[in-house]
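Report on the structure given below.
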Amino acid sequence: MVWFARKSYKEGNNLEQLIISGEQLREMIVTGAALLERNKAYIDSLNVFPVPDGDTGTNMHMTMQSAIKELAGCKSQNAGDIAAAVSMGALKGARGNSGVILSQLWRGFATALKGSENMDAHMLSEAMRLGTESAYKAVMRPREGTILTVARMISEGMRTLDAQKTNTTVDAMVAHMIETGEHALDITPQLLPVLKEAGVVDSGGMGLITIIKGFKMALDGEEVETIVPTEGGTADQPIEDNLTLEDVNDIKFGYCTEFFIVNLVDTFTDKTLEEFRDKMIEIGDSVVVASDTGFVKVHVHSNCPGRILQMALKFGEIDKIKIENMREQNREIQRKLKESEKEIGLVAVAAGSGISTVFKDLGAGAIIEGGQTMNPSVDTILKAIKKVNARNVFILPNNSNIILAAQHAAEISERNVIVIPTKTIMQGISAAMSYNQDSDVESVKAHMCESFEPIISGSVTYAVRSTTFKGKTINDGDIMGIVDSDIEVVGQDIAAVTSELLDTMIARKSEDAIVTIFYGSDVTEEQAEAIADEAQKKYPDAEFIVQSGGQPLYYYYISAE
């Protein structure tokens, strides 16, 4: 690890830095992400709501993985460029509320460091101030006792130190961030009663402190195992029938060139093949150079097909040449897409083949696989928006932890995107039933929002950790019946918990309610029908509909209307 300090002074026996380089900032960010990765399971365990969900530690980690992947492509050593890359990567990969908030903190870094080669303590303080302000604005109803509180108190402490002391070092500022952040974290249970009851501190705040502790490790020369971005580690949820289409200006190599080299020269060897392949890699991508007895097959994307053919002629004759202009192909696809563009389209987040089919039957042009089990990123939502190919796109997030990411995707998208704030799958299905692609945008929005508000949503799953929630003691593995965002029933038997949950939901609605039950992948149709039959005897005026949802981890999704 190499440091490039422009100025320094001695404080005690330690040489501390007034200014750090972009390369040092890079090390701070990478180490912070690595430390977060190491501690994500512990951060997940602090979540008060014990459902199998995309938890805070996981969401923040995957957000940072996307940032690190973007950073890996930034070759600049300029602090401003590094911060911009991290901000862009974090925004594209932001998952869940904690991930979106984290991306806004990095947005502050990008703004404060724009055009700067290095970073000093004042700039770090300004970055945190701007990031905190951006994070608060991103949340419609900010709650104290969360990561927002921790970020704000850190920022306030930094500004106080910056005002009181001249020539503050970056090292001292980061140490102060940790000190004030840990104090803020300690008081989160006093600000948020559910944290106090569960006996934990805020998980998002803990994630932020973990990243900052990684900053300190980098400045102190300590190392955490380096994160190597991989496709597997940062994979997004697939979008069904996804169409990937680059902007024509983003195509780096414009010509797809394929041909055979036949009648090879006598001097052609395996080493010759390797050298030719290496040259192809230098001037293009998607390179395939494979040999068989007497010939070589070549495939490469480049901007100089003529040069490639000339190089190949040194080794033999060329045959079956095919050169395609990928930029022109792209323009033609774009033209056809423009011609077929719809006025309005619908995107829905869902998990389970049965539920996905319902949304598609109700008009969804793109289904994002995810929800409770995995919160999709902003970038995944943007791809789904693009796929539906409509001027106006409605999004059904169907999860309270996805709404913020959907709203940020809406802000970035070139389309007019309307987020319908559905918090459950059952609310989403009700809203989709009111979707009418032949109506005008404002009417569709009004009808969809009105339709899901009267719905009571229930779900049955298991606890992934032991905790206390609103007076209920919950043990790891207990079966839980949930209404909206409250755990209403806790037990050990799936059928018994589900029956009691139905009693609770019907009591809140009416005894002539229409009740829809989607059973998950771990439940049989017979088991679901047996529960519905028992409930029908108890509530003869109600109507019970049983459908296969196929959702993982959740035994039942239930609605009462």
Side-chain angles (χ1 to χ4, degrees), residues 47-49 51 53-56 58-60 62-63 90-104 107 134-143 146-148 203-204 236-237 239 345-351 355 359 364 366-385 388 392-413 415-432 434-435 444-446 448-453 455 457 459 482-486 554 557 559:
N47 281 273
V48 174
F49 216 59
V51 297
D53 201 347
D55 283 331
T56 301
T58 299
N59 282 338
M60 293 182 76
M62 297 188 79
T63 300
L91 180 58
K92 290 194 296 185
R95 298 169 189 268
N97 295 340
S98 58
V100 172
I101 290 170
L102 182 59
S103 75
Q104 295 308 294
R107 183 179 178 182
S134 182
Y136 266 88
K137 290 176 183 176
V139 180
M140 187 174 296
R141 287 189 275 283
R143 286 193 305 171
T146 66
I147 182 176
L148 291 172
S203 54
D236 279 324
Q237 297 76 15
I239 302 168
L346 179 64
V347 173
V349 180
I355 291 171
F359 278 115
I367 304 294
I368 302 172
E369 294 183 11
Q372 288 295 109
T373 53
M374 179 61 75
N375 301 150
S377 68
V378 171
D379 198 40
T380 297
I381 298 170
L382 283 169
K383 289 176 181 176
I385 292 168
V388 297
N392 304 281
V393 179
F394 291 88
I395 299 180
L396 297 173
N398 303 332
N399 186 297
S400 59
N401 207 30
I402 300 175
I403 292 173
L404 197 55
Q407 290 170 339
H408 274 267
E411 292 174 8
I412 298 170
S413 176
R415 312 296 173 96
N416 177 39
V417 179
I418 304 96
V419 178
I420 306 298
T422 51
K423 296 181 179 179
T424 67
I425 288 290
M426 307 312 286
Q427 286 184 351
I429 290 174
S430 179
S434 298
Y435 171 69
V444 172
K445 179 181 177 181
M448 291 179 79
C449 288
E450 288 171 6
S451 67
F452 76 82
E453 289 180 357
I455 296 292
S457 301
S459 60
I482 302 167
V483 178
D484 295 326
S485 58
D486 286 332
Y554 281 70
Y557 286 143
S559 70

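In this structure, OH in Tyr435 is found 13.5 Å from OG in Ser451, a value given to the nearest 0.5 Å. The CG atom of Leu396 lies 11.0 Å from the CD1 atom of Ile402; values are rounded to the nearest 0.5 Å. The CD1 atom of Ile368 sits 11.5 Å away from atom CG of Asn375, with the distance rounded to the nearest 0.5 Å. Taking OG of Ser413 as the start and CD1 of Ile381 as the end, the distance is 11.0 Å to the nearest 0.5 Å. Atom-to-atom distance recorded for Ile429:CD1 and Tyr557:OH is 10.0 Å, nearest 0.5 angstrom. Put simply, CG on Asp55 and CE on Met60 are 12.5 Å apart, with the number rounded to the nearest 0.5 Å.
Taking the side chain to side chain donor-acceptor pair (under 3.5 Å) definition, one finds that Asn392 meets it with Glu343, Asn416, sequence neighbours left out. In terms of the side chain to side chain donor-acceptor pair (under 3.5 Å) criterion, residue partners of Thr422 (sequence neighbours excluded) are, by chain and number, Asn398. Scanning for side chain to side chain donor-acceptor pair (under 3.5 Å) contacts around Ser457 gives Thr424, with sequence neighbours left out. Evaluation of the side-chain contact (heavy atoms from CB on, under 4.5 Å) rule for Ser203 yields Ile43, Leu46, Asn47, Thr56 as partners, not counting sequence neighbours. With sequence neighbours excluded, the residues satisfying side chain to side chain donor-acceptor pair (under 3.5 Å) with Ser134 are Gln104. Under the side-chain contact (heavy atoms from CB on, under 4.5 Å) criterion, Ser103 pairs with Ala90, Leu91, Ala94, Val100, not counting sequence neighbours.
The minimum heavy-atom distance linking Ser98 with Asn59 is given by the pair OG-CB, 3.8 Å. Gly204 approaches Ile147 most closely through the heavy-atom pair O-CD1, 3.5 Å. Across every non-hydrogen atom of Ile403 and Pro397, the tightest pair is CG1-CG, 3.8 Å. Contact record, Phe394 with Met448: CD2-SD, 4.1 Å, taken as the closest heavy-atom pair. Residues Thr63 and Gly99 come closest through the heavy atom pair OG1-CA, 3.4 Å. Heavy atoms only, all atoms of each residue included: Ile367 and Ala350 are closest at CG2-CB, 4.2 Å.
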*Just do the side chain to side chain contact (heavy atoms under 4.5 Å, CB included) check on Asn97 and Val139 with the steps written out, would you?*
CA-CA 8 Å; Asn97 295 340; Val139 180; over 6 Å; no
*asked:* Determine whether Ile418 and Val444 satisfy the following criterion, side chain to side chain contact (heavy atoms under 4.5 Å, CB included), listing intermediate values before the conclusion.
replied: CA-CA 10 Å; Ile418 304 96; Val444 172; over 6 Å; no
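Looking at Ser430, its side chain never comes within 3.5 Å of a backbone N or O of Gln427 through a donor-acceptor pair. Side-chain atoms of Ser377 never come within 3.5 Å of backbone atoms of Arg95 as a donor-acceptor pair (strictly under, hydrogens ignored).
The shortest distance between side-chain heavy atoms of Leu148 and Arg143 does not fall below 4.5 Å.
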